Number of protein chains: 2
Amino acid sequence: MKQTKQTRQMELKDTIIATPFITDEDLAERFGVSIQTIRLDRMELNIPELRERIKSVAHQEWDETVRALPIEEVIGEMVDLELDSRAISILDIKPDHVFSRNHIARGHHIFAQANSLAVAVINDELALTTKSEIRFNRQVNLGERVVAKARVLDSEYKGRTTVEVTSYVENEEVFSGIFTMFRSPEQKEQD
Amino acid sequence: MKQTKQTRQMELKDTIIATPFITDEDLAERFGVSIQTIRLDRMELNIPELRERIKSVAHQEWDETVRALPIEEVIGEMVDLELDSRAISILDIKPDHVFSRNHIARGHHIFAQANSLAVAVINDELALTTKSEIRFNRQVNLGERVVAKARVLDSEYKGRTTVEVTSYVENEEVFSGIFTMFRSPEQKEQD
DNA sequence: TTCATTTTTATGACTAGGTACTAATAGTAA
DNA sequence: TTACTATTAGTACCTAGTCATAAAAATGAA
């Protein structure tokens, strides 16, 4: 009994998601159609060839966990800095920053920009985030430019500094956070 | 000035470990030798060809139990997952994750692990962090292994789910956070 | 310097798993 | 019948390799 094209394509998609390292030949055998049909289906469904599927899986994993996230890119570009007072950085949302499915920027990149800005604005060799309360106010999409502005709230309290960071896309607030930063006394306080 | 075979082979090995998706052609150019020499070197060093390297990396991260998920987008290695209930991932702190000065892990990596785990545990196509309150309880150092455990607190509240993530280094709590996640209703709620 | 050995490069034939394109055929609907 | 979709077939080309063979170049010892 023959399947319709639609149901075959849906099952094909599921099959590739489930076992992405399957070849067209194996797929053709499994669905009882020719290799050409499988290739037509993949084209219509925009599913790349085996090697590209392998590469994309491997690459994303590699990119984010093993290789250095090129810090300049992750953090964004610093355009203004006055130590212990304020700082501004911009981050252009690139394909690496978004979920593949929906092209929405992943939260940790927005956080990374803000957090590293908070670290950078502190006039100290060692600055670490100890606490933060953050809010993602709106989705950020591929291609958008995020401008993060940091403002030091209380600088002089010993060992702790509070930094407020607000991020905007074209004057629309997309993220805000209060970061409590630990700054180094002479020796380590906690271990 | 020419390199010896030995030093070239050692550097070759390092290069392939550092950037495993490099082709023989690129390697040949980088080392100023022919492709054939690179292939001889790989044979002597028992380093498989590009496709096999890609496949092995891709395979390591692949787990049949979590295949419905964009596992490649989880930071750290997922070792346990029960959708809408709990999830565990581990992240080994490598040189890329730390401040060069003091070898302390940068906060956004710890956050990224926790945040992506919170996203992954949600049984939904679209899950976004809208709010979070986090705390870095102790520094994490180079070489340490961070185990993040996510627990879904209230799953059924419409459009919002709260996830608690706690990260440990050898049973010592290093990070904790409450993530409020947005999950897709039938149509978009905000834009 | 000459010879032997190691190292490197070149060449040709083959492979897997595709892309891109053209063409032919089978089945269905108006 | 004509029009259209779905499927299959076949060709040329591509990449990133493989293997085998041979020749050239560099190196070390007599």
Side-chain angles (χ1 to χ4, degrees), chain A residues 1-67 95-96 100-101 103, chain B residues 1-64 67 70-72:
Chain A
M1 159 101 212
K2 277 192 90 175
Q3 261 184 318
T4 69
K5 190 184 178 184
Q6 264 214 326
T7 66
R8 187 192 58 238
Q9 289 195 343
M10 281 174 60
E11 286 183 31
L12 182 73
K13 196 174 178 178
D14 290 344
T15 303
I16 292 177
I17 287 171
T19 55
F21 309 125
I22 194 167
T23 62
D24 286 358
E25 193 178 353
D26 289 347
L27 287 165
E29 203 172 315
R30 173 174 305 201
F31 286 94
V33 294
S34 71
I35 288 189
Q36 287 76 6
T37 303
I38 296 295
R39 289 180 180 162
L40 275 177
D41 285 347
R42 275 202 297 99
M43 272 191 39
E44 286 176 25
L45 296 167
N46 275 320
I47 297 172
E49 62 166 300
L50 171 65
R51 290 149 181 152
E52 296 306 317
R53 295 198 300 271
I54 287 175
K55 250 185 252 177
S56 79
V57 169
H59 205 272
Q60 283 169 23
E61 197 268 330
W62 183 252
D63 213 37
E64 313 231 16
T65 65
V66 185
R67 201 184 62 188
D96 291 346
S100 50
R101 262 202 301 269
H103 299 287
Chain B
M1 160 100 209
K2 275 195 89 177
Q3 264 184 318
T4 70
K5 190 185 179 185
Q6 263 214 328
T7 66
R8 188 192 59 238
Q9 289 195 344
M10 282 174 61
E11 285 182 32
L12 182 74
K13 196 173 179 178
D14 290 344
T15 303
I16 292 178
I17 287 171
T19 55
F21 309 123
I22 193 168
T23 62
D24 286 358
E25 194 179 352
D26 288 347
L27 287 165
E29 203 172 317
R30 173 175 305 201
F31 286 94
V33 295
S34 71
I35 289 186
Q36 288 75 7
T37 302
I38 295 296
R39 290 181 178 160
L40 274 177
D41 285 348
R42 276 203 297 98
M43 273 191 37
E44 286 175 28
L45 296 167
N46 276 318
I47 296 172
E49 61 169 298
L50 171 65
R51 288 144 180 158
E52 298 306 316
R53 296 199 299 270
I54 287 176
K55 253 184 247 178
S56 79
V57 170
H59 241 279
Q60 281 168 22
E61 197 62 16
W62 191 254
D63 189 318
E64 290 292 324
R67 61 185 174 190
I71 183 74
E72 68 274 9

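Note that this is a predicted model, so its numbers are computed, not measured. Note that these values count all heavy atoms, side chains included, but never hydrogens, waters or copies made by symmetry. Lettering follows sequence order; numbering is per chain, from 1.
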Task: Distance (rounded to the nearest 0.5 Å) between B:Glu25 CD and B:Leu50 CG - done: 11.5 Å
Task: Spacing of CG belonging to A:Asn46 relative to NZ belonging to A:Lys13, to within rounding of 0.5 Å - done: 9.5 Å
Task: Nearest-Å distance for atom pair CG/C1', residues B:Leu27 and D:dG17 - done: 13 Å
Open item on the list: What is the distance, to the nearest angstrom, from the CZ atom on B:Phe31 to the C1' atom on C:dT9?
Closed with: 18 Å
- [ ] Would you indicate whether B:Glu29, at its atom CD, is surrounded by more than 12 heavy atoms from other residues, nucleotides or ligands within a distance under 6.0 Å?
- [x] no
Task: Where A:Asp26 and A:Ile22 come nearest, the two heavy atoms and their spacing - done: CB-CG1, 3.6 Å
- [ ] Mind calculating the distance between CG (A:Leu50) and P (D:dA16) to the nearest angstrom?
- [x] 14 Å
Open item on the list: As an exercise, state the distance from CG of A:Leu45 to CE of A:Met43, rounded to the nearest 0.5 Å.
Closed with: 10.5 Å
Restricting to nitrogen or oxygen on both sides, can you table the protein-nucleotides 27-30 of chain C pairs closer than 3.5 Å?
none

- [ ] Could you check how far CD of B:Glu49 sits from P of C:dT15, rounded to whole Å?
- [x] 15 Å
TODO: I would like to know whether B:Arg39 and B:Ile35 meet side chain to side chain contact (heavy atoms under 4.5 Å, CB included); could you show each step before the answer?
DONE: CA-CA 6 Å; B:Arg39 290 181 178 160; B:Ile35 289 186; 3.2 Å; yes
Task: Residues A:Val33, A:Ile38; criterion side chain to side chain contact (heavy atoms under 4.5 Å, CB included); working and verdict - done: CA-CA 7 Å; A:Val33 294; A:Ile38 296 295; 3.8 Å; yes
Open item on the list: What is the distance, to the nearest angstrom, from the CD atom on A:Glu29 to the C1' atom on D:dT8?
Closed with: 17 Å
Open item on the list: Distance check, rounded to the nearest 0.5 Å: B:Lys5 atom NZ versus B:Asp41 atom CG?
Closed with: 6.5 Å
What nitrogen or oxygen pairs link the protein and nucleotides 13-15 of chain D at under 3.5 Å?
unit_1	atom_1	unit_2	atom_2	d
D:dT15	O2	B:Arg51	NH2	3.3

- [ ] Output the distance between atom CG (B:Leu27) and atom CZ (B:Arg42), rounded to the nearest 0.5 Å.
- [x] 8.0 Å
Task: Value in whole Å for how far the C1' atom of C:dA16 lies from CD of A:Glu52 - done: 15 Å
Task: Those residues of residues 35-47 of chain B lying under 4.0 Å from DNA chain C by at least one heavy atom - done: B:Gln36, B:Thr37, B:Leu40
Task: Reported CG-to-CD distance for the pair A:Asp24 and A:Gln36, which is rounded to 0.5 angstrom - done: 9.5 Å
